[in-house]
Amino acid sequence: MRVINKEIDMISIFDKEGNPKPFKFKYINVDGEEIKIKVDHMIASEKGKLLGQPVIIFQCQSVINNLLKRYELLFDINKAQWRLFKI
């Protein structure tokens, strides 16, 4: 996986305790094309820190262009912002 670290538009689901779960997202790739991805499977999630900010890192996989790909999504807790971190 390579680091992308791009801000994305996300539709997420929150449980009763307020924990987010990614559902589907879109981002603009390097060619300027809008890519839409549905999260097929969330493999794992863990809380951590990135540059001193509390985050949740989600390891996920989806079928993208007929290939099964793993990627990491990052949720910045303080900013309530989602990022495509690695793909």
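Just the heavy atoms: all of them, side chains too, but no hydrogens, waters or symmetry mates, feed the values below. For reference, positions follow the sequence shown, starting with 1. From a predicted model like this one, the values you see are computed outputs, not experimental measurements.
With hydrogens and angles ignored, the 3.5 Å screen pairs no side-chain donor or acceptor of Lys69 with any backbone N or O of Ile87. With hydrogens and angles ignored, the 3.5 Å screen pairs a side-chain donor or acceptor of Arg83 with a backbone N or O of Asn5. In this structure a side-chain-to-backbone donor-acceptor pair under 3.5 Å is present from Asn29 to Asp31.
In this view, Gln81 and Glu7 satisfy the side-chain hydrogen bond (donor to acceptor under 3.5 Å, both in side chains) rule, not counting sequence neighbours.
A heavy-atom distance below 4.5 Å is not found between the side chains of Ile28 and Ile35. At a threshold of 4.5 Å between non-hydrogen side-chain atoms, the residues Phe23 and Ser12 do not count as touching. Residues Lys21 and Asn19 form no side-chain contact, since every pair of their non-hydrogen atoms from C-beta on lies 4.5 Å or further apart.
Between Trp82 and Phe75, the ring planes lie tilted relative to each other; the angle falls in the 30° to 60° range.
One distance of note links CZ of Phe85 with CG of Leu73; it measures 11.5 Å at 0.5 Å rounding.
At a threshold of 4.5 Å between side-chain heavy atoms, the hydrophobic network of Ile, Leu, Val, Met, Phe, Trp and Tyr places Ile11 and Leu74 in two separate groups. Residues Leu84 and Met10 share a single hydrophobic cluster, defined by chaining ILVMFWY side chains whose heavy atoms lie under 4.5 Å apart.
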Donor-acceptor contacts, no H, no angles, side chain residues 37-64, under 3.5 Å, sequence neighbours left out:
residue, atom, partner, partner atom, Å
Asp40, OD2, Val63, N, 2.9
Gln53, OE1, Asn78, ND2, 3.1
Gln59, OE1, Arg70, NH2, 3.3
Ser62, OG, Lys38, O, 2.7
Ser62, OG, Asp40, N, 3.2
Ser62, OG, Tyr71, OH, 2.6

